[in-house]
Amino acid sequence: MQGIIVANYVAAIAQAAVFITWGYIWVTINARLTWVVDVLWFVCFIWVSQIIKYAAFTVTAGSVATWYFGKKAKFPTLRSALRALTTSLGSVIYGSILMALFKVRSSHPTLRHSLSVQTAALTYVSFC
């Protein structure tokens with residue numbers, strides 16, 4: 001089951017890359033944005049983060065299910081990753097947008113008062 005560990009490390013690295021890249025872009029163009037675009041940018045950031053997170057969950061669940069129910073299946077993590085990124089991707093994306101909207105809704109009172117970039121980043125990290 002070393003493949004599960006590798007898959008989750010890859011997801012963690014992808015999550016960190018998304019956090020750094022989107023944060024840098026947000027800081028770079030934040031002076032030119034209105035609050036509406038700022039909130040949409042925040043929703044998209046959370047959505048992409050949730051997609052990566054739930055894709056990793058799907059790969060882990062599929063690997064364990066393949067290992068448990070399959071009889072000596074070869075490469076269970078690779079097969080699970082292929083299923084998660086092809087067949088199950090629509091469900092992962094749909095669930096991720098729902099969770100992203102719930103997370104933004106729960107952080108809405110703080111978003112109303114024109115957040116600074118640091119406060120928004122801390123708000124997102126606190127919800128993870």
Quick one: pull up CD1 in Ile97 and CD1 in Ile51 and give me the separation to the nearest 0.5 Å. 7.5 Å

Closest non-hydrogen atoms of Thr77 and Ile4, given as atom of the first, atom of the second and distance, are OG1-N, 3.7 Å

Would Phe69 and Trp67 show up in the same hydrophobic cluster when neighbours are defined by side-chain heavy atoms closer than 4.5 Å? yes

Nearest heavy-atom neighbours spanning Ala55 and Ala84: O-CB, 4.4 Å

side-chain contact (heavy atoms from CB on, under 4.5 Å) against Phe75, all qualifying residues, sequence neighbours excluded: Leu78

So, does Ser80 use its side chain to make a donor-acceptor pair with the main chain of Pro76 at under 3.5 Å? no

Rounded to the nearest 0.5 angstrom, the CG-CD1 distance for Leu98 and Ile93 is 12.5 Å

Would you give the length of the straight line joining atom CG of Leu82 to atom OG1 of Thr87, rounded to the nearest 0.5 angstrom? 9.0 Å

Non-hydrogen atoms of Ile52 and Ala11 that approach each other most closely: CG2-O, 3.6 Å

OH of Tyr54 to CE of Met99: how many Å apart, nearest 0.5 Å? 4.0 Å

Is there a chain of hydrophobic side chains (I, L, V, M, F, W, Y, each step under 4.5 Å between heavy atoms) that links Tyr9 to Val59? no

Could you tell me whether the side chains of Arg79 and Ser63 share a donor-acceptor contact shorter than 3.5 Å? no

Inter-residue atom distance Asn8.CG - Phe57.CZ, 0.5 Å rounding: 8.0 Å

Under 4.5 Å between any side-chain heavy atoms of Thr66 and Arg83, yes or no? yes

Trp22 to Phe45 - nearest heavy-atom pair and separation: CZ3-N, 3.2 Å

With the 4.5 Å side-chain cut-off for hydrophobic clustering, are Ile13 and Val48 part of the same group? no

Drop me the distance from Thr60's OG1 to Ile5's CD1, to the nearest 0.5 angstrom. 10.0 Å

